[in-house]
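Nothing here was measured: the structure is a model prediction, and the numbers come from that model. Convention: sequence-line order gives letters A, B, ...; per-chain numbering from 1.
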2 protein chains.
Amino acid sequence: MPSTSSAPSAPPSAASPYEPRWLDEEEMAAWRSFVTASNLLNRRLERQLKEDSGLSHTQYEILVHLSAAPAGSLRMTELADKLVTSKSGLTYQVTQLEKMGLVGRRSCPSDVRGVFAELTDQGRELLREAAPGHVALVRELLIDVLSREQLAVLADGLGQVSARLRLDDAL
Amino acid sequence: MPSTSSAPSAPPSAASPYEPRWLDEEEMAAWRSFVTASNLLNRRLERQLKEDSGLSHTQYEILVHLSAAPAGSLRMTELADKLVTSKSGLTYQVTQLEKMGLVGRRSCPSDVRGVFAELTDQGRELLREAAPGHVALVRELLIDVLSREQLAVLADGLGQVSARLRLDDAL
DNA sequence: AGTCGAGAGTTCAAATTTGAACTACTTGCC
DNA sequence: GGCAAGTAGTTCAAATTTGAACTCTCGACT
């Protein structure tokens, strides 16, 4: 009896109005490995970043997104979107980063309600220091484990999945 | 200038002793889509499960793993491993589930230190109710978005990634 | 037997995350 | 102009997560 993660082990003929389409072995394996890899990877990156730079993965990603943005700054909402996190969660983390001197807040000229999070020089510098180690680990644990083709499929497939999810959310 | 998530936007010729191998566009895309899809998916599943069954994704997975285990029971440590979570985190969640009457604790006969988490009838029942909706959503958002080949690659590739991570952790 | 390092779970305090409520501002439209 | 509906961010309380410290037990070895 296959050990599944999304269904009780042996779907009995019972309970729900329409018999759902359970996941077959391959589908189950894909889903399982996705969840597991994601969790394991997160734990590892979290640990490494905290040890090497004192940043959480979330904080690191905030810096990255800001550094990639036009003036090293992004509106809070836009940033929250890119990070896929809650607005309140972002408010919290930006405050933390502000205390650390890595990020600043400026108010938006065109919209009084708006707030820009902005990378400080110190933030840029810390990111510069933190990036190599982080990238190296991502490479070691994920990128270099997969072939070029596998990477392409990952990018493609999960890109579609993300796109679909973003659409749904926008409803 | 490519927007990367693991490196500052334009890797300047600076800072670290050995110039790291940055991620090229494809690699970056793969990594980005993985992280994003994972976050989006988690948020969605979390929401759905909570609404439909009052369970968090973590709690749901605990029930699943237990239901798939020999006597509907697993040692705490083993369960924590499967879930990829901290021991203390598991202690907390098992206590929650216990309060809800979905899981029980039995002590291990052969090892006084050991504790089994065990699915109750009520737990089995709730899982039976929760599973169809959850599976349907996983299918809709991930499985059915990908082709059979893409799924195979996912399972394979991420399986390897997980295996590697598990090995490393065991060091 | 006696001891010492490792393992199993729990407890604890601190950090994080989240949704809901709230404030203040914008916008589209009469 | 003036309003209703929607937006941007923050605040707040509650739930969760984590690592470190701690307790107790196992096991191997002397």
Side-chain angles (χ1 to χ4, degrees), chain A residues 38-40 42-51 53-62 73-100 103-118 169-171, chain B residues 38-40 42-51 53-62 73-100 103-118 169-171:
Chain A
S38 165
N39 288 340
L40 286 169
N42 272 335
R43 285 178 85 68
R44 251 322 237 315
L45 296 176
E46 199 72 47
R47 190 150 48 87
Q48 195 245 10
L49 274 172
K50 200 91 71 183
E51 278 175 9
S53 335
L55 292 172
S56 67
H57 192 203
T58 307
Q59 294 171 336
Y60 178 84
E61 291 251 303
I62 291 177
S73 73
L74 283 173
R75 288 287 291 269
M76 294 297 278
T77 298
E78 198 178 351
L79 187 46
D81 261 6
K82 296 196 193 247
L83 293 171
V84 188
T85 192
S86 64
K87 285 185 302 169
S88 49
L90 179 61
T91 293
Y92 175 78
Q93 281 303 171
V94 165
T95 303
Q96 295 315 100
L97 290 169
E98 210 171 14
K99 287 179 191 164
M100 305 183 216
V103 160
R105 276 185 228 249
R106 335 166 104 271
S107 51
C108 173
S110 62
D111 184 340
V112 189
R113 299 167 303 171
V115 172
F116 280 105
E118 178 184 44
D169 279 349
L171 293 185
Chain B
S38 165
N39 289 339
L40 286 169
N42 273 335
R43 284 176 86 67
R44 249 325 234 313
L45 295 176
E46 200 72 46
R47 189 148 49 88
Q48 194 245 12
L49 275 171
K50 200 91 72 185
E51 276 176 10
S53 335
L55 292 172
S56 67
H57 191 203
T58 307
Q59 294 172 336
Y60 178 84
E61 292 250 304
I62 291 177
S73 71
L74 283 172
R75 290 286 292 271
M76 294 296 278
T77 298
E78 199 178 351
L79 187 48
D81 263 5
K82 295 196 194 248
L83 292 170
V84 189
T85 192
S86 65
K87 287 185 300 170
S88 50
L90 179 61
T91 293
Y92 175 77
Q93 281 302 172
V94 165
T95 302
Q96 295 314 102
L97 290 169
E98 210 172 15
K99 287 179 191 165
M100 304 183 216
V103 160
R105 276 185 228 248
R106 333 166 104 273
S107 51
C108 172
S110 62
D111 186 338
V112 190
R113 298 167 303 174
V115 173
F116 280 105
E118 178 184 45
D169 278 349
L171 294 185

For B:Gln96, all residues meeting side-chain hydrogen bond (donor to acceptor under 3.5 Å, both in side chains), sequence neighbours excluded: none
Any donor-acceptor N/O pair, B:Thr91 side chain to B:Lys87 backbone, under 3.5 Å: yes
Sugar-phosphate, base or nothing in reach of B:Gly89, heavy atoms under 4.0 Å: base
Pairwise distance CD(B:Gln93) to CG(B:Leu79) - rounded to 0.5 angstrom: 11.0 Å
B:Ser86: partners by side-chain contact (heavy atoms from CB on, under 4.5 Å), with sequence neighbours left out: A:Arg43, B:Ser88
Counterpart residues, salt bridge (charged side-chain N to carboxylate O under 4.0 Å, His left out), relative to A:Arg106 (two or more places apart): A:Glu118
Interface limits on DNA chain C, where chain A has a heavy atom under 4.0 Å of a nucleotide atom: C:dA15 to C:dT26
Sugar-phosphate, base or nothing in reach of A:Arg43, heavy atoms under 4.0 Å: sugar-phosphate
Sugar-phosphate, base or nothing in reach of A:Glu46, heavy atoms under 4.0 Å: nothing
Nucleotides 23-29 of chain D: protein proximity per nucleotide (B base, S sugar-phosphate only, - neither; heavy atom, under 4.0 Å): --BS---
Inter-residue atom distance B:Asn42.CG - A:Asn42.CG, 0.5 Å rounding: 8.5 Å
Residues B:Arg47 and B:Glu51 bridged, charged N to O under 4.0 Å: no
A:Leu45 CG to A:Leu55 CG distance, which is reported to the nearest 0.5 Å: 13.0 Å
Set of side-chain contact (heavy atoms from CB on, under 4.5 Å) partners for A:Arg75, sequence neighbours left out: A:Glu78, A:Cys108, A:Asp111, A:Phe116
Sugar-phosphate, base or nothing in reach of A:Arg105, heavy atoms under 4.0 Å: sugar-phosphate
Most 5' of A:Lys87 and A:Thr58 on DNA chain C, judged by nearest nucleotide: A:Thr58
Pairwise 5' ranking along DNA chain D for B:Thr85 and A:Thr77, keeping only the more 5' one: A:Thr77
Sugar-phosphate, base or nothing in reach of A:Ser56, heavy atoms under 4.0 Å: nothing
Integer-rounded Å distance: D:dA8 P and A:Leu90 CG: 13 Å
